[in-house]
Number of protein chains: 2
Amino acid sequence: MPPPANARPSASVELRATALEQFASVGFAGTSLQQIADAAGYSKSSVLYHFASKEALLEEVLTPAIDRLEAILEVFLATAETVESRRRFVNDFIDFILEFRLELHTFINQSQSLRGIPVIDRAGVLIVRLSDTLCHGEASTEDRIRFGIALGGAAYTLVAGMTFLGQEIAPADEIRPALLVVVTELLAPVTVRTTPSRK
Amino acid sequence: MPPPANARPSASVELRATALEQFASVGFAGTSLQQIADAAGYSKSSVLYHFASKEALLEEVLTPAIDRLEAILEVFLATAETVESRRRFVNDFIDFILEFRLELHTFINQSQSLRGIPVIDRAGVLIVRLSDTLCHGEASTEDRIRFGIALGGAAYTLVAGMTFLGQEIAPADEIRPALLVVVTELLAPVTVRTTPSRK
DNA sequence: ACGCTAGCTGACCGATCGGTCAGAGCCTGT
DNA sequence: ACAGGCTCTGACCGATCGGTCAGCTAGCGT
């Protein structure tokens with residue numbers, strides 16, 4: 001029987017977490033199995049015992065995030081679009097971003113160089129669907145740009161940006177409302193500003 | 001005397017351009033000197049003849065962009081801040097983004113993994129200064145996030161995003177006005193919306 | 001005609017890459 | 001006490017990495 005869930009994390013869990021950090025900060029190509037192994041306190045052979053290959057490790061690391069994003073999109077597609085449903089979607093989306101910042105950053109900023117890897121391609125079509133959905137069909141350049149900036153901007157800000165712009169990452173409960181305002185402004189621009197004028 | 005400027009580009013120019021494309025799309029770590037050489041039609045040895053090292057090549061590729069960004073910031077800092085000067089700054093900034101999209105994408109998305117390389121560090125402090133300037137001192141989390149999203153979002157959208165969101169990159173004169181609206185909205189939120197409500 | 005230099009290249013270097021494999025250590029069921 | 005799995009590891013593999021070096025070639029000044 002597996003330990004009662006409060007034992008120390010298993011090797012494969014530790015390795016996944018370590019690998020994710022490395023992939024997000026140094027890139028997939030820039031991360032060696034040796035680095036991952038050293039950082040997690042195992043040997044390179046151990047990494048390859050738990051994961052068939054470096055690529056397979058990437059897949060296992062990213063899959064939960066893609067699954068979650070897919071689920072969010074399905075929910076949004078399943079209901080008729082109203083101002084309310086769109087607002088709820090943006091909310092879910094921000095939860096997703098905050099929970100999976102490292103995964104998001106990884107496949108946002110490296111999808112082009114990792115084409116052909118199944119999980120990356122899945123993420124690619126998912127993002128296109130997201131984009132099409134939010135701009136419902138008729139796709140003005142500005143709408144596309146809004147979506148792209150929100151997506152890429154959030155991915156950058158929450159991983160790379162915060163680490164040296166704001167020297168320390170602000171706590172999630174401070175980031176969330178600010179992120180909500182900005183992303184809402186980008187993705188649901190019809191909505192009236194919810195905060196009083198800044199400054 | 002050098003050729004009258006309409007001769008075919010010299011090797012080092014071709015190599016810089018090729019290297020930039022590779023760095024922006026596959027990452028610095030993911031790009032080998034062999035790839036650059038092959039793509040440009042030279043040998044690896046030739047690359048190392050023109051540039052002392054892979055790192056030096058990166059520096060030469062990014063320096064013009066950083067210089068330009070520095071100049072834009074200096075101009076903005078030299079004049080008293082008014083709504084007009086801020087508007088002009090955003091305009092310059094967008095010109096910069098459009099002209100140096102690949103360079104921007106490269107050092108935005110890889111600065112963390114390339115720390116220690118002089119040109120990258122220069123870019124780093126420059127971005128912090130930019131951020132501090134735009135948020136003048138008192139730095140609310142939301143303002144930081146606005147700046148980060150504009151910066152990272154633009155870098156992503158104009159390189160990675162456009163290539164598969166909008167299947168083909170829209171012409172610059174179509175992107176520019178849309179980008180201007182969105183970035184202005186993010187960086188100079190006081191200004192009234194300049195476009196009629198969309199859709 | 002000659003030598004010099006700039007541009008370029010292939011051969012080669014040690015290090016590291018992702019990946020394979022044959023065990024070593026340990027826990028468990030019998 | 002023994003056998004059989006898990007987990008983990010070091011030794012090792014061919015390929016490729018960034019980088020060095022000697023030498024080839026074409027053009028130019030003299």
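Hydrogens, waters and symmetry mates play no part in the numbers below; they use all other heavy atoms, side chains included. In this text, all values refer to a predicted model and were calculated from it rather than measured experimentally. Below, chain A is the first sequence line, B the second, and so on; all start at residue 1.
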For [X], check ring-ring contact (aromatic ring centres under 6.0 Å, His included) against everything at least two apart and list the hits.
| X | answer |
| --- | --- |
| B:F51 | none |
| A:Y49 | none |
| A:F28 | A:F23 |
| A:F100 | A:F96 |

Examine [N]: is either OP1 or OP2 under 4.0 Å from a nitrogen or oxygen in the side chain of [X]? Give yes or no.
| X | N | answer |
| --- | --- | --- |
| B:Y49 | C:dC8 | no |
| B:S46 | C:dT9 | yes |
| B:H50 | C:dA6 | no |

Whole angstroms only, please: what is the [atom1]-[atom2] distance between [X] and [N]?
| X | N | atom1 | atom2 | answer |
| --- | --- | --- | --- | --- |
| B:F51 | D:dG18 | CZ | P | 15 Å |
| B:L33 | D:dG18 | CG | C1' | 6 Å |
| A:Y42 | D:dC8 | OH | P | 5 Å |
| B:L58 | D:dG18 | CG | C1' | 14 Å |
| A:I36 | C:dC17 | CD1 | C1' | 12 Å |

Toward the 5' end of DNA chain C, which comes first, A:Q35 or B:S12, by nearest nucleotide?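 Result: B:S12.
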
Residue pairs, two or more places apart or on separate chains, that pass side-chain hydrogen bond (donor to acceptor under 3.5 Å, both in side chains) and touch residues 32-47 of chain A: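 Residue pairs passing side-chain hydrogen bond (donor to acceptor under 3.5 Å, both in side chains), neighbours aside: A:E14-A:Y42.
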
Does anything in residues 54-65 of chain A form a side-chain hydrogen bond (donor to acceptor under 3.5 Å, both in side chains)? List the pairs, not counting sequence neighbours.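 Qualifying pairs, neighbours excluded: A:R16-A:E60.
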
Taking A:R101 for the side chain and A:L158 for the main chain, is one N or O donor matched with an acceptor at less than 3.5 Å?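 Side chain of A:R101 to backbone of A:L158, a donor-acceptor pair under 3.5 Å: yes, one is there.
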
Taking the side chain from B:H105 and the backbone from B:Y156, do they hold a donor-acceptor pair closer than 3.5 Å?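 Answer holds: no.
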
Checking contacts here: which listed nucleotide (C:dT9, D:dC8, D:dG19) is nearest the side-chain heavy atoms of B:K54?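 Nearest listed nucleotide: D:dG19.
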
If you check every side-chain atom of A:S32, which of D:dC8, C:dG10, C:dG18 has the closest atom?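 Shortest atom-to-atom distance from the side chain points to C:dG18.
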
Can you give the donor-acceptor pairs under 3.5 Å from side chains of residues 112-120 of chain A to other protein atoms, not counting sequence neighbours?
from, atom 1, to, atom 2, distance (Å)
A:S113, OG, A:Q110, O, 3.0

Could you list all N or O pairs between the protein and nucleotides 20-23 of chain C that sit under 3.5 Å apart?
none

Please give the angle, rounded to 10 degrees, between the axes at the start and the end of the helix from C:dA1-D:dT30 to C:dT30-D:dA1, where five pairs define each axis.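 Roughly 10°, once rounded to the nearest ten degrees.
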
